[in-house]
Amino acid sequence: RKEVEQDPGPFNVPEGATVAFNCTYSNSASQSFFWYRQDCRKEPKLLMSVYSSGNEDGRFTAQLNRASQYISLLIRDSKLSDSATYLCVVNGSPDYNQGGKLIFGQGTELSVKP
Amino acid sequence: DTGVSQDPRHKITKRGQNVTFRCDPISEHNRLYWYRQTLGQGPEFLTYFQNEAQLEKSRLLSDRFSAERPKGSFSTLEIQRTEQGDSAMYLCASSLAFSQETQYFGPGTRLLVL
């Protein structure tokens with residue numbers, strides 16, 4: 001079983017749609033969670049951190065369910081520029097002061113069409 | 001540009017040759033990470049340094065791979081006797097220790113082994 005699992009997609013949605021990505025992780029001791037965005041042939045860039053209370057940044061909402069070991073990302077009113085691969089990421093060290101290797105999911109490809 | 005830089009951006013080599021990649025992290029960052037990404041997959045952790053000390057190595061890092069960070073600034077990743085399976089994007093990231101481990105990625109070095 002992979003440590004972080006995502007539906008690889010692709011998700012093809014029209015502009016303005018709401019789209020949700022889901023992710024599960026296997027290590028219950030994980031402490032830090034993130035969504036990264038990766039454009040084609042570019043490096044990953046941090047989209048947002050994910051907190052237990054849930055957090056929102058504009059059109060993006062991230063949620064964490066520790067009991068189910070489940071992370072989600074919701075994108076509202078999707079734009080053409082949202083087209084990218086979204087990577088679910090978990091910090092691979094129980095104590096981030098001891099090290100910070102990131103464990104990435106496979107990534108979910110999103111394509112927003114006009 | 002004050003971000004993470006990597007050199008070269010592309011490398012084509014023949015099977016059996018040695019290659020070396022360089023990463024220059026963000027100047028005040030004391031943690032430096034190497035990841036490898038193949039097509040359709042998320043990045044996979046290879047190794048990381050805190051200052052000049054190599055603190056963790058993945059099982060993915062065979063004996064043919066070696067990484068150094070001699071003065072705690074830039075790092076090199078060398079692959080000896082390259083194999084076709086080494087073809088991938090090699091990503092470097094840096095972060096501050098004792099932070100939320102926001103890792104900033106460089107543009108990557110794309111390796112093709114013929």
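Here is the naming used below: chain letters follow the sequence lines, and residue numbers restart at 1 for every chain.
- Separation of the B:Y35 and A:F104 ring centroids falls under the 6.0 Å cut-off.
- Clustering ILVMFWY residues whenever any of their side-chain heavy atoms sit less than 4.5 angstrom apart, transitively, puts A:M48 in the very cluster that holds A:I71.
- Using a 4.5 Å cut-off between side-chain heavy atoms of Ile, Leu, Val, Met, Phe, Trp and Tyr, with links allowed through other members, A:L74 and A:F33 fall into different hydrophobic clusters.
- Heavy-atom pairs under 4.5 Å with chain B peak, among A:R41, A:Q6, A:K45, at A:R41.
- Contact annotation: the side chain of A:P44 approaches that of B:L91 to within less than 4.5 Å [non-hydrogen atoms, C-beta and beyond].
- Hydrophobic clustering (ILVMFWY, side-chain heavy atoms < 4.5 Å, transitive): A:V89 and A:F21 are in distinct clusters.
- Side-chain contact check for B:Q37 versus A:Q38: some heavy-atom pair is nearer than 4.5 Å.
- Rounding to the nearest 0.5 Å gives a distance of 8.0 Å between OG of B:S95 and CG of A:L102.
- What you find for B:E56 and A:K101 is that their closest heavy atoms are OE2-NZ, 2.8 Å.
- Note: B:R110 leads B:R110, B:Q41, B:E44 in heavy-atom pairs under 4.5 Å with chain A.
- More than 12 heavy atoms of other residues, nucleotides or ligands shown are found within 6.0 angstrom of CD on B:Q6.
- Scanning both residues, B:P43 and A:L87, for their nearest heavy atoms gives CD-CD1, 4.3 Å.
- A:Y36 and A:L110 are assigned to two separate hydrophobic clusters, defined by single-linkage of ILVMFWY side chains at heavy-atom distances under 4.5 Å.
- One hydrophobic cluster, built from ILVMFWY side chains closer than 4.5 Å, holds both A:V50 and A:V90.
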